[in-house]
Amino acid sequence: MKIATWNVNSIRQRQNLVLDWLKRNEPDLLLLQEIKCEAHQFPTEAFEAIGYTSHVVGQKSYNGVATLARAPAEVLARKLPGLSEEEPPARFLEIRTGSLTVGNLYLPNGNSGGPAGFARKMEFFDALARHAEAMLAEGTDFILAGDYNVCPTDKDLATGALPPTDALVHPESRAAFRRLLWLGLTDAVRALHPQETIYTFWDYQAGAFRRDMGLRIDHMLLSPRIAERLLTAEVDRDERGMEQPSDHVPVVITLS
DNA sequence: ATGGCTCATGTTATGAGA
């Protein structure tokens, strides 16, 4: 089984790139973040034509997540359980396919909106951890994947790529990510590549990709029984060199 | 030099992204 996650920074700008990538890689599931459109604007038919059903949580202008699946899937949640907001932004979608539950998430960046903006990032993390605890308690096999907007350690960003005060490297952000690891979840890429320099994002500005000034902020976290099935975990770095690319690249795992 | 780029928006500037 092959599962991928990709922050595409507007699906309407990236539709052909994503279609080409799907044809070449043929994952069973593709989790998209930052689709930046409402559900009715999502190119459902184009993906259906190559065998993928789209499950979409969208909103105008910002955010938005979608999960594409080749096999039948049931939508379990369209927002993160436990978040207090009445009209939450489109940042979470959970589906189940077979016996596997897959949460697709786009965590708030946390740099904008002042202290309140950073607090929303922490609230999202807290709700995510409690959701993971609940699923572990009931023995669910799951993956929580997407754009976490956290560089977990200093190894996960190029020197000087971010100011030390940035929300992506803030000690509270990193502690919140570690809390998920201490619950027993496995960071798939790090589990198989503990020492490598690996990035999933390069800014559009200042020749960041050319200079390899990247960040590793897109992650796939696996529950224990899924981690035992982990065969490969790779980042498709080449996708950043395409014409009009997203600033993020796909992260891909395979399971036995 | 907290932005050098890219995105969406009834736009011709602004906010968000990370």
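Model, not experiment: these values are computed from the prediction. Below, chains carry the letters A, B, ... as their sequence lines are ordered, and counting in each starts from 1.
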(request) Provide the distance between the two P atoms, one in B/dG10 and one in B/dG15, to the nearest whole Å. (result) 16 Å
(message) I want to verify a distance call: between B/dA18, B/dA16, B/dC7, whose nearest atom is closest to the A/S10 side chain?
(response) B/dC7
(request) Please state how far atom CG in A/D247 lies from atom P in B/dA8, giving the value in whole angstrom units. (result) 12 Å
(request) Give me the one residue out of A/I226, A/L222, A/L180, A/I143 that meets side-chain contact (heavy atoms from CB on, under 4.5 Å) with A/L185. (result) A/L180
(request) Would you check if the side chain of A/R91 reaches a backbone N or O of A/Y106 as a donor-acceptor pair within less than 3.5 Å? (result) yes
(request) Using only side-chain N and O atoms of A/R210, determine if any of them is under 4.0 Å from OP1 or OP2 of B/dC5. (result) no
(request) Would you mind telling me which of B/dA18, B/dA8, B/dG17 lies closest to the side-chain atoms of A/Y204? (result) B/dG17
(request) May I ask you to say what A/Q244 touches in the nucleic acid, namely base, sugar-phosphate or nothing, with a heavy-atom cut-off under 4.0 Å? (result) nothing
(request) Could you tell me how the ring of A/W202 sits relative to the ring of A/F209: parallel (under 30°), tilted (30 to 60°) or perpendicular (over 60°)? (result) perpendicular
(message) Looking at B/dA18, I'd like to know if its phosphate oxygens (OP1 or OP2) sit under 4.0 Å from a side-chain N or O belonging to A/Y199.
(response) no
(message) On the nucleotide B/dA18, are OP1 or OP2 found under 4.0 Å from the side-chain N or O atoms that A/N149 carries?
(response) yes
(message) Assuming nearest nucleotide by heavy-atom distance, tell me which of A/L162 and A/Q13 is located more 5' along DNA chain B.
(response) A/Q13
(request) Select base, sugar-phosphate, or nothing to describe what A/D147 touches, counting heavy atoms under 4.0 Å on all strands. (result) sugar-phosphate
(message) Angle between ring planes, A/Y148 versus A/H219, binned at 30° and 60°: parallel, tilted or perpendicular?
(response) tilted
(request) Check the distance between B/dG3's P and A/M213's CE and give it to me in whole angstrom. (result) 17 Å
(message) Distance alone, cut at 3.5 Å: any donor-acceptor contact between the side chains of A/D28 and A/Y52?
(response) no
(request) Salt-bridge test for A/E74 and A/R96: reply yes if a basic N is under 4.0 Å from a carboxylate O, no otherwise. (result) yes
(request) Measure from CZ on A/F209 to C1' on B/dT6 and round the result to the nearest Å. (result) 17 Å
(message) Output the rounded distance in Å from CZ (A/R14) to C1' (B/dC5).
(response) 12 Å
(request) Could you work out the separation of B/dT12 and B/dT2 based on their C1' atoms and round it to a whole Å? (result) 24 Å
(request) Indicate the atoms forming the closest heavy-atom contact of A/A161 with A/M213, along with that distance. (result) N-CE, 3.9 Å
(request) Provide the distance between the two P atoms, one in B/dA16 and one in B/dA1, to the nearest whole Å. (result) 23 Å
(request) Tell me what A/H248 touches on the nucleic acid: a base, only sugar-phosphate, or nothing, going by heavy atoms under 4.0 Å. (result) sugar-phosphate
(request) Look at all strands and tell whether A/R91 reaches a base, only sugar-phosphate, or nothing, counting heavy atoms closer than 4.0 Å. (result) sugar-phosphate
(request) Applying side-chain contact (heavy atoms from CB on, under 4.5 Å) between A/L168 and each of A/N111, A/L107, A/L157, A/D156, report the one that passes. (result) A/N111
At a cut-off of 3.5 Å, list every protein nitrogen or oxygen paired with a nitrogen or oxygen from nucleotides 9-15 of chain B, distance to 0.1 Å.
residue	atom	partner	partner atom	Å
B/dG10	OP1	A/K60	NZ	3.2

(message) Under a 3.5 Å distance rule, please check whether A/T97 uses its side chain to pair with a backbone N or O of A/P72 as donor and acceptor.
(response) yes
(request) Would you kindly compare A/L215 and A/P245 by the position of their nearest DNA chain B nucleotide and give the one closer to the 5′ end? (result) A/P245
(request) Look at all strands and tell whether A/D166 reaches a base, only sugar-phosphate, or nothing, counting heavy atoms closer than 4.0 Å. (result) nothing
(request) Calculate the interatomic distance between A/L168 atom CG and B/dG17 atom C1'; express it in whole Å. (result) 10 Å
(message) Between C1' on B/dA1 and CD on A/Q205, what's the gap in Å once rounded to a whole number?
(response) 10 Å
(request) Measure from CG on A/N7 to C1' on B/dC7 and round the result to the nearest Å. (result) 11 Å
(request) Round to a whole Å and report the spacing from OH of A/Y106 to C1' of B/dC7. (result) 11 Å
(request) Using the C1' atom as the reference point in each nucleotide, state the distance between B/dC7 and B/dT11 in Å, no decimals. (result) 13 Å
